[in-house]
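Just so it is clear, the values below take in all heavy atoms, side chains as well, and ignore hydrogens, waters and symmetry mates.
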Amino acid sequence: IKQWKAKPAPKENKKLTGTRPARRHGLLNKRVKFVREVVAEIAGHAPYEKRIMELLKLGKERRALKFAKARLGTHKRALAKRAEMEHALRVAEAHRKKHVETK
């Protein structure tokens with residue numbers, strides 16, 4: 001007895017699409033980044049950011065992360081904020097060294 005077998009469906013070409021608008025939501029564009037940098041430069045850092053930097057100066061990275069998480073709500077945001085504050089400290093230190101050398 002020969003067994004019946006269904007014929008495979010015809011192959012369809014996949015439609016190539018770009019990213020959906022929902023996937024782009026919240027992505028940083030150049031103008032927003034520039035505006036935020038200007039505001040941060042003029043207004044300075046928020047008190048909780050200053051405290052995070054102070055903890056980092058003392059070498060308490062873990063405590064800084066826990067404090068950032070308490071203030072920001074998620075671990076991912078806290079990691080990003082800690083990295084941002086470490087970068088700000090490095091930039092400030094480089095600026096201070098450059099300023100001292102020129103005197």
Side-chain angles (χ1 to χ4, degrees):
I1 299 175
K2 205 171 189 186
Q3 204 168 16
W4 181 81
K5 198 174 184 182
K7 290 182 183 174
K11 295 277 187 268
E12 290 182 23
N13 293 332
K14 255 191 172 177
K15 194 166 104 178
L16 297 173
T17 58
T19 56
R20 291 165 57 200
R23 291 284 176 194
R24 288 186 285 117
H25 181 78
L27 272 179
L28 197 62
N29 66 35
K30 283 188 274 185
R31 182 169 181 206
V32 171
K33 184 179 180 185
F34 173 72
V35 169
R36 285 182 186 167
E37 285 174 359
V38 169
V39 169
E41 191 178 321
I42 293 169
H45 295 288
Y48 83 96
E49 292 177 331
K50 288 179 184 173
R51 180 151 176 212
I52 292 170
M53 286 198 279
E54 195 60 41
L55 288 166
L56 290 171
K57 280 182 197 172
L58 296 173
K60 299 189 176 190
E61 285 84 18
R62 187 180 165 91
R63 173 55 56 190
L65 180 67
K66 289 180 84 171
F67 179 75
K69 186 180 179 303
R71 288 292 186 269
L72 298 171
T74 68
H75 184 69
K76 199 171 185 179
R77 288 176 183 175
L79 286 171
K81 182 58 74 174
R82 183 178 67 173
E84 184 187 326
M85 294 297 102
E86 285 172 342
H87 178 71
L89 282 174
R90 280 197 302 273
V91 168
E93 184 63 33
H95 182 72
R96 189 164 42 250
K97 280 184 180 178
K98 187 177 178 183
H99 189 68
V100 169
E101 286 175 6
T102 55
K103 278 190 174 182

- prompt: By the rule that ILVMFWY residues connect when side-chain heavy atoms come within less than 4.5 angstrom, directly or transitively, which residues belong alongside Leu28?
  reply: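 Its cluster partners, ordered by chain and number, are Val32.
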task: Supply the members, apart from Val39, of the Ile/Leu/Val/Met/Phe/Trp/Tyr cluster built from side-chain contacts under 4.5 Å; use none for a lone residue.
output: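 Result for Val39 is Val35.
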message: Under the rule for side-chain hydrogen bond (donor to acceptor under 3.5 Å, both in side chains), what residues qualify as partners of Glu93, not counting sequence neighbours?
response: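 With neighbours one apart ignored, the set is Arg96.
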query: Can you name the residues that form a salt bridge (charged side-chain N to carboxylate O under 4.0 Å, His left out) with Lys81, not counting sequence neighbours?
result: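 Per chain and number, Lys81 pairs via salt bridge (charged side-chain N to carboxylate O under 4.0 Å, His left out) with Glu49, Glu84.
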message: Can you give me the closest heavy-atom contact between Glu86 and Leu56, atom names plus distance?
response: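 So the minimum-distance heavy-atom pair works out to CG-CD1, 3.6 Å.
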task: Could you give me the CA-CA distance, side-chain angles and deciding distance for Val91 and His87, then say whether side-chain contact (heavy atoms from CB on, under 4.5 Å) is met?
output: CA-CA 6 Å; Val91 168; His87 178 71; 3.6 Å; yes
task: Look up atom CZ in Arg77 and atom CG in Leu79, then write down how far apart they are to the nearest 0.5 Å.
output: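 If I round to the nearest 0.5 Å, the distance is 12.5 Å.
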message: If I take atom CD from residue Glu54 and atom NZ from residue Lys60, how far apart are they, to the nearest 0.5 angstrom?
response: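 Going from CD on Glu54 over to NZ on Lys60, the span is 10.5 Å.
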- prompt: By side-chain contact (heavy atoms from CB on, under 4.5 Å), which residues pair with Asn13, not counting sequence neighbours?
  reply: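 Partners of Asn13 under the side-chain contact (heavy atoms from CB on, under 4.5 Å) test: none.
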task: Could you pull out all residues at least two apart from Lys76 that satisfy side-chain contact (heavy atoms from CB on, under 4.5 Å)?
output: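 So Lys76 forms a side-chain contact (heavy atoms from CB on, under 4.5 Å) with Thr74.
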- prompt: Does CD belonging to Glu37 count more than 12 external heavy atoms closer than 6.0 Å?
  reply: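 Enclosed.
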- prompt: Is there a path from Leu65 to Tyr48 through hydrophobic residues (I, L, V, M, F, W, Y) whose side chains come within less than 4.5 Å of each other?
  reply: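 No, separate clusters.
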- prompt: With respect to Ile52, which candidate in Arg63, His45, Met85, Lys57 satisfies the side-chain contact (heavy atoms from CB on, under 4.5 Å) definition?
  reply: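 When side-chain contact (heavy atoms from CB on, under 4.5 Å) is applied between Ile52 and each of Arg63, His45, Met85, Lys57, only Met85 qualifies.
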query: Is a side-chain donor or acceptor of Arg82 paired with a backbone partner of Glu61 at a separation under 3.5 angstrom?
result: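 Yes; judged by distance alone, with no hydrogens or angles, the pair exists.
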